[in-house]
Amino acid sequence: YQQAKAGQQLSGIVSYLNETDHRRVQPQPVSARPTVVDINDLASLVEIYKLRAAILVGMAAKSIQQELQHRKNQADAWNNSAIDLVKASDAHCHYVVVKLFTDKLGEIGDTAVHSVVSSLALLYALHGITVNSGDFLQAGLLSVPQVLQISVRIKELLSQLRPNAVALVDSFDIHNKKLNSVLGRYDGNVYENMFEWARRSPLNATEVHESFYKYLKPLRSKL
Amino acid sequence: MNADILKERQNATFDVEKLTNILDGGPELTKRRREIESMVLNDPDFMEEDPNFLSRSERYDQAVRKSAQMILKLREYGIADPEEIYCYKSTVHLGKPEPLDLHLGMFLPTLLNQANQEQMDRFFMPSWNLEIIGTYAQTEMGHGTHLRGLETTATYDPATQEFVLNSPTVSSIKWWPGGLGKTSNHAIVLAQLYTQGNCHGLHAFIVPIRDMNTHVPLPGIVVGDIGPKFGFDEIDNGYLKMENVRIPRENMLMKYAKVEPDGTYKKPPSAKLTYGTMVFIRSMIVGESARALSKASTIAIRYSAVRHQSEIRPGEPEPQILDFQTQQYKLFPLLATAYAFIFVGQYMKDTYSRISGDINQGDFSELPELHALSAGLKAFTTWTANAAIEVCRMSCGGHGYSRSSGLPDLYVNFTPTCTYEGENTVMMLQTARYLVKS
């Protein structure tokens, strides 16, 4: 952020700190910011994740500056801004994950697979916005009506994905033995196997556990 | 097959095999992964008692047995590719950690990376053949991610040309390393190096801790298991206290940093060398997050397809749980996250192998960004997956609480990823440092 602020050209994933001119990354009153986001377009969602990260990085850096202006030393200024710094990193990582997911779609040739994985990617991006809607709203990246629109869109995606849910987990191709779960076994025969598993519990090695003879029975004679 | 789940599969709108190929990175990799898995799963030598029904000691014993078999079979089949070794190993131990994890994953690679030629000649083959069983002891009872805070000392004695390894306080006792308690007879110990009255920071020393024949702890060495934990029942996370233990000068790993016989210290060419290992391990952990979340969502979604309860339309039969919007809202974003993390894991692996070549040529230019990114992504994905496994467990209702669901084991064996190899908050702040600097 400091290098970008000093006009240095950054390389790699953080180069977005160059792209956004600092006026735009200032938190703006919502009314002042034209928000043209197509919530069905992953590329534009990646864009607002990027702006959110840039804004949060900027806010963390500002917090450090303010602390330094109170004559704090660098280390204390850093520690007093740690919450903002963690939040900025989290936003940066979130942006990277959304971006990589979106990029990956470009590599998927099969149309049916592309369609279902695109729905997953869109759900991932929209759900992330819902969970962090405060950031996006505060930064003026989205309007309240758009956040509501996203909630509706998420519900549509849930029903859209519903028919493929089992096939999508089957695609992980986790062998039954590796999954090691009665509830998740491939054939879905859960209850009969759960009963059989329970019967193998060491506690069931005898019909009457020895503690009955050692404690419960003697207890009766004393009462 | 259960009728519900059969119907689910008939309704799918895409070819599962094609998506599996994408997740594996290609059809050939799918084929090879399955070959390796079936090699293990059909091998009677790896039959096991259900760990849920065993005591801790029996679980450790079973894990050591399987690890011993695994070492033999890996050689027998000539499996040498790290990815394939990883796949074989995780199939043998069903994704759980195992007592030789640190010997294979830290001790041997550290020898390869930091031992000079004499040390390689002396230590490598015995380690390869498990005469030496090693672990990697860095974390202390009172100190973890902040390496400068570690208290263990290695003081050079020019008169005898030996280092004196010492645990000066209780908080300096090495604590947590896997395989340290009962399995290993050597440890690579990270200690503050003192020579000619100066401290030169953390360096690595090969310290014998048990007799190679009797396995009895050596004089001055206090070593044992740290006791039961939340999970990790199969491995002997241990403690190591050193009471002025002397080791030859040649036991300091000296490929980079050196101490001459008279005690003169020579700095390593670049402090960034250890970054590479950290980036590699954190990239693997991102993959771990993806795998754990894939398992958890598989269990929860399949069970939600066969479990019928309550009602949506009055009077109608109990619907599949998966038809409730609330169940979908719990699980489908996590399913999407599992996919997201698989692709991030692939990216991290590809990027690391792409720039490893540069690193070996001495070009570190991309390493700082990758180091910052891998730290952040390790924290981001493990925190998310950790919370997500718990959501999946709860979404299975009461049965999620039974060990038979596999979810309790999955959770207790995954959650350490949030603290080991760098505590997550510290990781996030490392990424922040790079962001603010950038």
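All chains are named by letter (A, B, ...) in the order of the sequence lines, taking the proteins before the strands, and each is independently numbered beginning at 1.
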Discussion item. Is A/K177 in contact with chain B via its backbone, its side chain, both, or neither, using a 4.5 Å heavy-atom distance?
Written reply: both
Discussion item. Using a 4.5 angstrom heavy-atom cutoff, name the option from B/D24, B/L373, B/L322 with the most pairs to chain A.
Written reply: B/L322
Worksheet item: What is the ring orientation for B/H399 with A/Y191, classed by angle as parallel under 30°, tilted 30 to 60°, or perpendicular over 60°?
Response: perpendicular
Fill in: Contact summary for B/S405 and A/S181, nearest pair of heavy atoms
O-OG, 2.5 Å
Practice prompt. List the atom of A/V14, the atom of B/Y434, and the distance in Å for their closest heavy-atom pair.
Written response: CG1-CE2, 3.8 Å
Response to the item:
Shortest non-hydrogen pair, B/Y303 vs A/L183, comes out as CB-O, 3.6 Å
Worksheet item: At a heavy-atom separation under 4.5 Å, does B/K96 approach chain A through its side chain, its backbone, both, or neither?
Response: side chain
Worksheet item: Do the side chain of A/S89 and the main chain of B/A432 share a donor and acceptor less than 3.5 angstrom apart?
Response: yes
Worksheet item: Do you know which of B/L19, B/V306, B/N21 has the most heavy-atom pairs with chain A at a distance under 4.5 angstrom?
Response: B/L19
Practice prompt. Against chain B, label A/R185 side chain, backbone, both or neither, depending on which of its atoms sit under 4.5 Å from a heavy atom there.
Written response: backbone
Practice prompt. Report the distance from atom OG1 of B/T351 to atom CD1 of A/I13, rounding to the nearest 0.5 Å.
Written response: 7.5 Å
Discussion item. Which one wins on heavy-atom pair count under 4.5 Å against chain B: A/L85, A/L158, A/L120?
Written reply: A/L158
Practice prompt. For residues B/N2 and A/N189, report the shortest heavy-atom separation together with the two atoms involved.
Written response: N-OD1, 3.3 Å
Worksheet entry | Pairs of heavy atoms under 4.5 Å with chain B: top-ranked of A/V131, A/L126, A/L123 | A/L123
Worksheet item: Yes or no on side chain to side chain contact (heavy atoms under 4.5 Å, CB included) for B/F380 and A/H92, after CA distance, side-chain angles and deciding distance?
Response: CA-CA 10 Å; B/F380 183 86; A/H92 171 74; over 6 Å; no
Worksheet entry | Winner by heavy-atom pair count (cut-off under 4.5 Å) against chain B, out of A/V57, A/V98, A/D170 | A/D170
Discussion item. Before you tell me yes or no, could you show the steps for A/Y124 and B/F341 under side chain to side chain contact (heavy atoms under 4.5 Å, CB included), namely the whole-Å CA-CA distance, both residues' side-chain angles and the distance that decides it to 0.1 Å?
Written reply: CA-CA 11 Å; A/Y124 180 76; B/F341 288 1; 4.0 Å; yes
Worksheet entry | Under 4.5 Å from any heavy atom of chain B - which part of A/T102 | neither
Item to complete: Please indicate whether B/K330 has more than 12 foreign heavy atoms, meaning atoms of other residues, nucleotides or ligands, lying under 6.0 Å from its NZ.
Response: yes
Worksheet item: Looking at A/Q8, A/R200, A/E107, which one has more heavy-atom pairs under 4.5 Å with chain B than the rest?
Response: A/R200
Item to complete: Please check if any side-chain donor atom of B/S90 sits under 3.5 Å from a side-chain acceptor atom of A/K178, or the reverse.
Response: yes
Worksheet item: B/D4 versus chain A, heavy atoms under 4.5 Å apart: side chain, backbone, both or neither?
Response: neither
Item to complete: Could you tell me whether B/R403 sits above the aromatic face of A/W197, with NZ or CZ closer than 6.0 angstrom to the six-membered ring centre and within 45 degrees of the axis?
Response: no
Discussion item. Return the OG to CD1 distance between B/S297 and A/I174, rounded to the nearest 0.5 Å.
Written reply: 7.0 Å
Worksheet item: A/R162 pairs by side-chain hydrogen bond (donor to acceptor under 3.5 Å, both in side chains) with which of B/Q327, B/Q325, B/E8?
Response: B/E8
Discussion item. If you count heavy atoms of other groups shown closer than 6.0 angstrom to CE of B/M1, is the number above 12?
Written reply: yes
Worksheet item: Is chain A contacted by the side chain of B/Y347, its backbone, both, or neither, given a heavy-atom distance below 4.5 Å?
Response: side chain
Worksheet item: Which bit of A/T111 comes within less than 4.5 Å of chain B, counting heavy atoms only: side chain, backbone, both or neither?
Response: neither
Worksheet, complete the sentence: Value for CD1 (B/I22) from CG (A/D110), rounded to nearest 0.5 Å, stands at 7.0 Å
Practice prompt. Quick one: closest heavy-atom pair of B/A336 and A/F101, and the distance?
Written response: O-CE1, 3.5 Å
Discussion item. Would B/R291 and A/F172 count as a cation-pi pair here, with the cationic atom under 6.0 angstrom from the ring centre and within 45° of the axis?
Written reply: no
Worksheet entry | Portion of B/A305 that has a non-hydrogen atom of chain A nearer than 4.5 angstrom | side chain
Practice prompt. Quick one: which of A/H94, A/K155, A/H114, A/H175 has the most heavy-atom pairs under 4.5 Å with chain B, could you say?
Written response: A/H94
Practice prompt. Would you check, one step at a time, whether the test side chain to side chain contact (heavy atoms under 4.5 Å, CB included) holds for B/Y339 with A/S171?
Written response: CA-CA 10 Å; B/Y339 273 83; A/S171 301; 3.5 Å; yes
Fill in: Rounded distance [0.5 Å steps], CG in A/L17 versus NZ in B/K437
13.0 Å
Practice prompt. Between chain B and each of A/V113, A/V182, A/D173, A/L157, count heavy-atom pairs under 4.5 Å; write down the option with the most.
Written response: A/D173
Worksheet entry | Evaluation steps, side chain to side chain contact (heavy atoms under 4.5 Å, CB included), between A/L100 and B/Q346 | CA-CA 10 Å; A/L100 289 176; B/Q346 284 175 350; over 6 Å; no
Discussion item. I'd like to check B/L429 versus A/V86 (side-chain heavy atoms, cut-off strictly below 4.5 Å). Are they in contact?
Written reply: yes
Worksheet item: In terms of heavy-atom proximity below 4.5 Å to chain A, should B/I342 be classed as side chain, backbone, both, or neither?
Response: side chain
Worksheet entry | A/L179 CG to B/T298 OG1 distance, which is reported to the nearest 0.5 Å | 6.0 Å
Worksheet item: Which value, rounded to the nearest 0.5 Å, describes the distance between A/Q3 atom CD and B/S438 atom OG?
Response: 5.5 Å
Worksheet entry | Atom NZ of B/K7 with >12 non-hydrogen neighbours under 6.0 angstrom | yes
Worksheet item: Looking at B/T381, B/D50, B/T384, B/T425, which one has more heavy-atom pairs under 4.5 Å with chain A than the rest?
Response: B/D50
Worksheet, complete the sentence: In terms of heavy-atom pairs under 4.5 Å with chain A, the winner among B/R9, B/Q328, B/E369, B/K295 is B/R9
Discussion item. Given heavy-atom pairs under 4.5 angstrom as the criterion, report whether the side chain, backbone, both or neither of A/V190 touches chain B.
Written reply: side chain
Practice prompt. Check each atom of B/R34 against the heavy atoms of chain A and say whether the ones under 4.5 Å are side chain, backbone, both or neither.
Written response: side chain
Worksheet item: Under a 4.5 Å cut-off applied to non-hydrogen side-chain atoms, are B/T13 and A/S115 in contact?
Response: no
Worksheet entry | Flag if over 12 foreign heavy atoms under 6.0 Å of CD, B/E49 | no
Worksheet item: For chain A, which of B/L335, B/I5, B/V436 has the most heavy-atom pairs under 4.5 Å?
Response: B/V436
Item to complete: Specify which of B/L23, B/L41, B/N11 makes the most heavy-atom pairs with chain A at under 4.5 Å.
Response: B/L41
Response to the item:
Cut-off 4.5 Å, heavy atoms of chain A, and the answer for B/R33 is side chain
Worksheet item: Do the ring planes of A/H127 and B/Y329 sit parallel (below 30°), tilted (30 to 60°) or perpendicular (above 60°)?
Response: perpendicular
